[in-house]
Peer 1: 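Here it is, the structure in full.
Each chain gets a letter, A, B and so on, in the order its sequence line appears, and its residues count up from 1.
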Amino acid sequence: MHTFFQQTLNGLSLGSIYALLALGYTMVYGIIKLINFAHGDVYMLGAFWGYYVINTYHVNFLVALVSAMVVTALAGMLIEYLAYRPLRNSPRITALITAIGVSYFLENGMSFLFGANTRNFPQAITQHNYDVFGITVSNIQILILVTSLVLMVLLQLIIQKTKMGTAMRAVAVDPEAAALVGINPDHVISFTFGLGSALAGAGGVLIGLYYNSIDPLMGMTPGIKAFVAAVVGGIGSIPGAAIGGFLIGLLETATQAVGLSAYKDAAVYVVLIVILVLLPTGLLGKNVKEKV
Amino acid sequence: MKMNRMMSGVAAVAAMMVMAGCSAKASAKSGNTASGNTVKIGMNMELSGAAAGYGQQMKQGFQLAVKQINAQGGIKVNGKKMKIKTVIQDNKSTTSGSASVTAQLATKEGVVAIVGPATTNDGTAAIPNETKAEVAGVSPSATDPDYTLQKNGKVQDYVFRACFENNFQGETAAHFVTNTIKAKNVAVIADNSSDYGTGLAKAFKQAYKGNIVSTQYFQEGDKDFNALVTAIKNKKVDAIYAPGYYSEVGLIIKQARQAGIKAPIVGSDGMADPKLSQIAGKANANKVYYTTPFSSKSGASNKMAAKFMKDFKAEYGSDAPTFSALAYDSVLMIKQAIQDAKSTNSVKIAKALAKIKNMPAVTGAMTINKHHDPEKPIMIEEVENGAVVSATAVK
């Protein structure tokens with residue numbers, strides 16, 4: 001039984017990162033129907049920024065986290081401005097291919113500038129293990145779970161309670177009608193990219209701290225798994241993305257726990273296929289009104 | 001991006017078919033021969049993509065070797081000193097890239113020998129073009145036992161390597177686990193995404209006589225091993241065999257120690273890098289052992305290794321990793337072969353490479369055997385508190 005709870009905890013820590021990433025995918029898709037494949041690489045940028053500020057300026061973890069969120073938000077807006085905005089009225093496949101191009105550009109650009117080697121992330125917080133009823137919990141695991149949950153709640157508040165959130169929801173439903181009532185869709189889309197990228201950046205710093213290892217290709221697999229999480233939860237649905245992220249994290253952990261570690265990635269993609277066949281809109285995808 | 005692998009496989013086949021036309025050489029003149037006062041040596045290396053971290057280290061070792069040889073005037077061929085000119089090309093960690101880079105180097109650039117590629121997959125893709133152009137390739141780190149062999153078991157004439165093949169390392173680790181650690185129950189965690197990890201795991205399992213309680217796999221680039229180590233913790237193992245590269249095994253060590261697993265962790269030369277302890281964390285890197293031809297303790301018994309480590313640090317400002325040492329030795333092998341052959345003809349160089357005996361090298365004095373594998377002493381290094389405390393030679 002102890003093992004079961006320990007594995008559940010492992011799955012939740014992993015899942016919270018997928019959830020943070022999935023939120024970015026889902027928000028962007030909700031508004032401009034674009035699957036932003038460069039999203040995983042923004043997460044990598046966040047981790048590298050955290051690495052840079054902690055190593056160079058010896059800032060504490062909170063400063064690193066917040067500054068990484070600001071930097072990745074700017075990076076996300078810049079990517080949107082340079083790569084996707086000129087294609088706003090092009091067919092969707094054009095923007096999709098561009099997204100893959102941006103992803104390769106970021107991965108190989110970072111390899112070129114800073115080297116492809118794995119780096120060890122500075123340990124801004126020393127890890128302590130606590131024994132709770134025989135389950136080992138580390139302070140970093142708690143930090144990841146709490147930070148992710150706080151960010152998700154904040155995101156929900158921004159979308160539901162602020163003027164910008166209302167505008168985002170309006171653009172998601174009908175961009176033209178939103179423009180008619182005085183909303184500038186470009187601003188809203190830019191803001192959405194910033195918000196999603198900030199979450200990815202936070203995820204990058206948290207992962208760096210948790211695993212102590214970052215490299216320019218670190219965003220590739222988590223990016224794809226977060227995409228699966230967003231689809232499972234219902235792409236376009238915010239709570240769906242969060243639930244999907246946790247589900248994928250738990251599923252991956254469960255596959256490894258029962259000894260099928262070689263198939264852990266396969267299991268994730270099988271779930272994607274099953275969901276697409278049985279529930280094409282995902283678990284919470286029917287809720288069109290909530291689309292953001 | 002799982003699709004990429006499949007796509008690149010298809011692309012590799014297509015590329016090889018296209019290349020077959022342009023890399024065939026007139027049979028009258030066999031191989032490439034250097035002209036003038038320079039001899040061209042190529043490098044076909046993973047400088048970007050998934051294996052770039054290791055490829056970049058090999059490039060450093062390669063360049064250091066060439067720089068030092070040139071500083072001494074070059075390679076002596078029939079009384080004439082010839083400087084080395086390098087042609088370094090990136091195969092992007094793809095098989096198609098490796099095939100086309102080989103064709104470029106061997107036919108367009110006219111190199112007399114090639115160092116690389118790093119991985120068995122990319123290396124195997126380079127073989128058809130190397131053979132056609134009759135230019136030898138020396139891989140610093142392609143470890144699959146069959147890499148240097150043809151399908152019918154005969155040796156590939158133009159394929160060599162500077163590293164151990166998997167079976168040798170796997171067996172050495174198995175003996176160590178049985179005789180020194182005296183482990184009765186062992187868990188195996190292997191890298192499933194490379195021939196290196198799966199090959200070593202297979203060799204270990206064949207040679208180990210004790211009880212293997214669990215075999216688990218991971219992928220290159222994985223960062224979360226908590227589920228794996230939690231599952232292993234329950235099984236109460238005496239040792240863990242984890243063949244793989246430092247970037248993943250470092251994380252396995254960290255997460256296993258943090259989960260409270262105290263059993264020794266044994267691995268292979270992919271772990272022989274100062275980064276291993278940095279990623280695992282000094283406090284976690286305890287009771288870690290790996291088989292390797294090169295170690296930071298090598299300097300005590302091998303003067304060349306001591307000099308190499310000093311020069312490497314002076315040149316690049318960091319400790320020399322094993323991959324750099326292997327690439328350095330690959331260049332030394334080619335230099336030795338050119339001197340022995342008394343010629344810069346690539347066919348004669350390949351023949352001389354196969355006859356290298358007791359050549360002093362950074363990773364230990366090596367003799368090339370009939371399978372084109374180097375025979376050299378293997379060591380087992382022990383890491384405690386993040387530092388290598390001992391390196392024991394084993395037979």
Peer 1: Need one label for B:T230: side chain, backbone, both or neither, based on atoms under 4.5 Å from any heavy atom in chain A.
Peer 2: both
Peer 1: When you measure from the side chain of B:Q255 to the backbone of B:F225, do you find a donor-acceptor pair of N or O atoms at a distance under 3.5 Å?
Peer 2: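 Judged by distance alone, yes, a pair lies under 3.5 Å.
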Peer 1: Would you confirm whether the ring centroid of A:F246 sits within less than 6.0 angstrom of the ring centroid of A:Y18?
Peer 2: no
Peer 1: By number, which residues in residues 317-327 of chain B have some heavy atom less than 4.5 Å away from chain A?
Peer 2: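 When heavy atoms of chain A are the reference, residues 317-327 of chain B contributes no residue within the under-4.5 Å range.
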Peer 1: Strictly by modelled atom types, are A:Y51 and A:T56 linked by a side-chain donor-acceptor pair under 3.5 Å?
Peer 2: no
Peer 1: For the interface with chain A, which of B:Q56, B:K92, B:K223 has the highest count of heavy-atom pairs at distances below 4.5 Å?
Peer 2: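 Top option by heavy-atom pairs under 4.5 Å: B:K223.
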Peer 1: In terms of the angle between their ring planes, are A:Y52 and A:Y57 parallel, tilted or perpendicular, with boundaries placed at 30° and 60°?
Peer 2: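 Ring orientation of A:Y52 relative to A:Y57: perpendicular.
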Peer 1: For the pair B:N185 (side chain) and B:V213 (backbone), establish whether a donor and an acceptor sit closer than 3.5 Å, ignoring hydrogens and angles.
Peer 2: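 No, the answer is negative, given that no donor and acceptor are paired below the 3.5 Å cut-off.
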Peer 1: Side chains of B:Q219 and B:D222: is there a donor and an acceptor less than 3.5 Å apart?
Peer 2: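 Judged by distance alone, the side chains do not pair up.
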Peer 1: Between B:T119 and B:E46, is any side-chain donor less than 3.5 angstrom from a side-chain acceptor?
Peer 2: yes
Peer 1: Can you confirm whether A:H39 sits close enough to A:L21 that some side-chain heavy atom of one is under 4.5 Å from a side-chain heavy atom of the other?
Peer 2: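 Yes, at least one pair of side-chain atoms sits under 4.5 Å.
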Peer 1: Would you say the side-chain atoms of B:S247 and A:D215 include a donor-acceptor pair closer than 3.5 Å?
Peer 2: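 There is no such pair between these side chains.
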Peer 1: Taking side chain as everything from C-beta outward and backbone as N, CA, C, O, which of these in A:S213 sits under 4.5 Å from a heavy atom of chain B? Side chain, backbone, both or neither.
Peer 2: both
Peer 1: Checking B:L228 against chain A: side chain, backbone, both or neither under 4.5 Å from a heavy atom?
Peer 2: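 When you check distances to chain A, atoms from both the backbone and side chain of B:L228 fall under 4.5 Å.
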Peer 1: Checking side-chain polar atoms at under 3.5 Å, does A:N108 have a donor or acceptor matched by the opposite partner on B:S48?
Peer 2: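 Short answer, no.
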Peer 1: Is it the backbone or the side chain of A:F121 that comes under 4.5 Å from a heavy atom of chain B, or both, or neither?
Peer 2: neither
Peer 1: Does the distance from a Lys or Arg side-chain N to an Asp or Glu carboxylate O, for A:K264 and B:D224, drop under 4.0 Å?
Peer 2: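 Judged by the 4.0 Å cut-off on N to carboxylate O distance, A:K264 and B:D224 do not form a salt bridge.
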Peer 1: To check you understand the geometry: which heavy-atom pair defines the closest contact between B:S139 and B:A118, and what is its length?
Peer 2: OG-O, 4.1 Å
Peer 1: Between A:N129 and chain B, which part of the residue has a heavy atom less than 4.5 Å away: side chain, backbone, both or neither?
Peer 2: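 For A:N129, the contact with chain B is made by the side chain alone.
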Peer 1: Tell me the residues of residues 247-259 of chain A whose non-hydrogen atoms fall below 4.5 Å from those of chain B, in number order.
Peer 2: A:T253, A:Q256, A:A257, A:G259
Peer 1: Below 4.5 Å from any heavy atom of chain A, which atoms of B:Y54 appear? Answer side chain, backbone, both or neither.
Peer 2: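 Contact with chain A involves no heavy atom of B:Y54 at all.
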Peer 1: Taking A:P222, A:S261, A:G11 one by one, which has the highest count of heavy-atom pairs under 4.5 Å against chain B?
Peer 2: A:S261
Peer 1: For B:Q57 and B:D273, does a side-chain donor sit closer than 3.5 Å to a side-chain acceptor?
Peer 2: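 Yes.
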